[in-house]
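Each remark here refers to the structure printed beneath this line.
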Amino acid sequence: KNEVEQSPQNLTAQEGEFITINCSYSVGISALHWLQQHPGGGIVSLFMLSSGKKKHGRLIATINIQEKHSSLHITASHPRDSAVYICAVRSSGTASKLTFGTGTRLQVTL
Amino acid sequence: NAGVTQTPKFQVLKTGQSMTLQCAQDMNHEYMSWYRQDPGMGLRLIHYSVGAGITDQGEVPNGYNVSRSTTEDFPLRLLSAAPSQTSVYFCASGYRDTSYEQYFGPGTRLTVT
């Protein structure tokens with residue numbers, strides 16, 4: 001079993017839909033990252049969370065440390081949101097190592 | 001700022017050849033790392049550095065060497081390329097450790113024949 005599991009693996013949505021991507025992990029963590037990988041391959045950091053909730057524009061990330069679960073929400077989705085979304089965790093006591101999920105491929109259509 | 005730069009963008013090697021993937025950052029970040037990305041798998045850590053003169057192994061270090069002689073540069077050396085090293089390689093940097101935002105380079109697509 002992977003330390004970091006994402007669901008769904010693939011997601012197709014129509015423009016304007018509310019999207020949720022889930023990340024579950026099995027180890028104690030001190031930080032969780034959400035990343036976006038564009039179709040061209042570049043990787044961009046969206047959020048770094050250790051508790052609670054963060055919002056940036058139409059993106060919202062939440063984390064529940066007790067349940068070992070995080071969600072990334074996209075409100076009013078747009079075709080430019082089409083990308084792979086990756087969850088990564090920093091395990092407690094391993095300051096220099098991130099463990100990555102395999103990503104959720106999102107396609108937003110008109 | 002250029003951010004994190006990687007060269008080359010694409011490379012084809014024959015089995016047994018050696019080469020160096022270059023990575024540089026101009027943000028004065030202490031932490032730098034190399035990952036490989038393979039289909040169906042998450043990014044995996046090859047080597048990392050928490051500062052000039054300090055390097056350590058990640059989860060898949062075999063066949064790769066690194067050095068960190070300056071804060072800015074963190075090259076990855078393939079000593080004797082193997083087809084199993086065909087992958088996309090990403091360099092990343094951040095302040096101190098992975099509890100801070102990570103900045104990724106554009107990637108190098110390597111094919112070993």
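Below, each value reflects all heavy atoms present in this structure, side chains not excepted, and no hydrogens, waters or symmetry copies.
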| Between B:Y64 and B:H47, is the ring centre distance below 6.0 Å? |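 When the ring centroids of B:Y64 and B:H47 are compared, they turn out to be at least 6.0 Å apart.
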| Ring centre gap for A:F47 and A:H33 strictly below 6.0 Å |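 Here the rings of A:H33 and A:F47 have centres that are no less than 6.0 Å from each other.
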| With respect to chain B, which residue among A:M48, A:Q37, A:Q6, A:Q9 yields the maximal number of heavy-atom pairs within a distance under 4.5 Å? |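 Heavy-atom pair counts peak at A:Q37.
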| query | What residue in A:H38, A:R90, A:K97 has the most heavy-atom pairs under 4.5 Å with chain B? | reply |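 Of the candidates given, the most pairs with chain B belong to A:R90.
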| field | Heavy atoms of other groups near B:R77 CZ, more than 12 under 6.0 Å | value |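 Check passes, neighbour count above 12.
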| message | Around atom CZ of A:R105, are there more than 12 heavy atoms from other residues, nucleotides or ligands closer than 6.0 Å? | response |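 Counting neighbours around CZ of A:R105, 12 or fewer heavy atoms of other residues, nucleotides or ligands fall under 6.0 Å, so no.
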| said: Counting only non-hydrogen atoms closer than 4.5 Å, does B:L45 touch chain A with its backbone (N, CA, C, O), its side chain (CB onward), both, or neither? | reply: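 Contact with chain A involves the side chain of B:L45 alone.
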| query | Tell me, side chain or backbone of B:Y100 under 4.5 Å from chain A's heavy atoms, or both, or neither? | reply | backbone
| field | A:R58 side chain to A:T75 side chain, donor-acceptor N/O pair below 3.5 angstrom | value | no
| Checking A:S45 against chain B: side chain, backbone, both or neither under 4.5 Å from a heavy atom? |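 Contact with chain B: backbone and side chain both.
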| task | Measure A:L32 against the heavy atoms of chain B and call it side chain, backbone, both or neither at under 4.5 Å. | result | neither
| task | Go through B:S99, B:G40, B:S49, B:G105 and name the one with the most non-hydrogen pairs under 4.5 angstrom from chain A. | result | B:S99
| task | Output, in order, the C-alpha distance, side-chain angles, deciding distance and verdict of side chain to side chain donor-acceptor pair (under 3.5 Å) for B:S87 and B:R109. | result | CA-CA 6 Å; B:S87 188; B:R109 186 174 293 274; over 6 Å; no
